[in-house]
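One structure below.
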Amino acid sequence: MSTAIATPGPRMDLGSVPPSVSGESRLLYTTVWSLKSLMRTSDRQPQQLCQTGGGMRSNFAHIIHQPPLLPSIEAFIGSVTASLKIKMAVLVTALIYVERLRKHLPKTATGSMDTPYRIFLASLLLADKFWSDHSVQIKYLVAAAGGVFSMREIAAMERALLKLLKFNLYVSADEIRTHALKLGICIDESVAAPA
């Protein structure tokens with residue numbers, strides 16, 4: 001199995017972010033980089049992995065429901081955050097969870113092509129729940145993700161990420177502001193305090 005390796009290093013070199021990228025776009029750019037650099041991933045879509053061998057699955061592929069192919073991670077993150085109107089502080093919190101996950105994963109961790117998408121959705125869902133008593137419902141996350149993942153899959157992603165993070169979801173307002181400032185984003189006092 002071939003792998004696509006994206007490992008620019010444990011920390012983002014903010015000098016590599018184009019100067020024209022600022023604010024929310026800078027945060028999205030950083031989120032994409034962080035997810036791509038998290039682990040090695042297969043360069044084949046999950047649907048392709050199922051169809052390469054023979055057997056029943058490939059013989060009946062025309063009648064077995066297959067989720068749509070994945071868009072680029074950049075398009076996926078942009079689409080999900082825009083359709084759900086995700087606040088910048090929630091996205092920074094999700095990025096903090098991704099960084100925490102990086103610390104818990106072995107350096108040799110590998111995943112399928114959809115792993116960064118799954119980590120993004122799970123971290124976004126957990127961050128939104130941390131920020132709001134009325135967080136986004138999973139069915140809306142399914143719709144925002146274009147139906148690529150089912151409600152059951154997203155719930156499983158959430159549980160798996162919770163376990164990997166050892167249920168440590170607390171993020172202080174100072175941590176959010178500090179992380180945002182490292183990214184060149186200013187989040188004011190009122191926004192950086194979860195409910």
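What you see is a predicted model; the values in this text were computed from it and never measured.
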If you measure from the Lys or Arg side-chain nitrogens to the Asp or Glu carboxylate oxygens, is any gap between R152 and E158 under 4.0 Å?
-> no
Ignoring hydrogens and geometry, is there a side-chain-to-backbone donor-acceptor pair from S79 to F76 under 3.5 Å?
-> no
Can you tell me how far the CZ atom of R159 sits from the NZ atom of K163, to the nearest 0.5 Å?
-> 7.5 Å
Is there a side chain to side chain contact (heavy atoms under 4.5 Å, CB included) between I176 and W131 once you walk through the steps?
-> CA-CA 12 Å; I176 292 167; W131 273 89; 3.4 Å; yes
Any side-chain heavy atom of F149 within less than 4.5 Å of one from M157?
-> yes
To the nearest 0.5 Å, atom OH of Y97 lies from atom CD1 of I119 at 15.0 Å
For the residue pair P71 and A75, what are the closest heavy atoms and their distance?
-> CB-CB, 4.3 Å
For residues 116-128, pull every pair meeting side chain to side chain donor-acceptor pair (under 3.5 Å), keeping only residues two or more places apart or in separate chains.
-> D114-R118, R118-E153
In sequence, state the C-alpha distance, the side-chain angles, and the governing distance for L162 and L169, and then conclude on side chain to side chain contact (heavy atoms under 4.5 Å, CB included).
-> CA-CA 8 Å; L162 271 170; L169 298 183; 3.5 Å; yes
T178 side chain to D174 main-chain N or O, any donor-acceptor pair under 3.5 Å?
-> yes
Output for pair (R102 CZ, L105 CG), nearest 0.5 Å, gives 9.0 Å
Identify the two heavy atoms, one from V90 and one from A127, that lie closest to each other, and give their separation to 0.1 Å.
-> O-CB, 3.4 Å
If you round to the nearest 0.5 Å, how far is CD1 of I77 from CG of L121?
-> 9.0 Å
Where do L165 and L161 land on the side chain to side chain contact (heavy atoms under 4.5 Å, CB included) test, with the steps shown first?
-> CA-CA 6 Å; L165 293 176; L161 185 59; 3.8 Å; yes
Is the side chain of S135 donor-acceptor paired with the backbone N or O of S132 at a distance under 3.5 Å, no angle test?
-> no
R100 and E175: CA distance, side-chain angles, deciding distance, salt bridge (Lys or Arg N to Asp or Glu O under 4.0 Å) verdict | CA-CA 12 Å; R100 287 180 183 175; E175 189 176 0; 3.3 Å; yes
Can you list the steps and then say if T81 with F120 is a side chain to side chain contact (heavy atoms under 4.5 Å, CB included)?
-> CA-CA 11 Å; T81 56; F120 169 71; 3.9 Å; yes
Got a second to check how far L141's CG is from I154's CD1, nearest 0.5 Å?
-> 4.5 Å
Could you grab the distance from atom CD of Q137 to atom CG of L84, nearest 0.5 Å is fine?
-> 11.5 Å
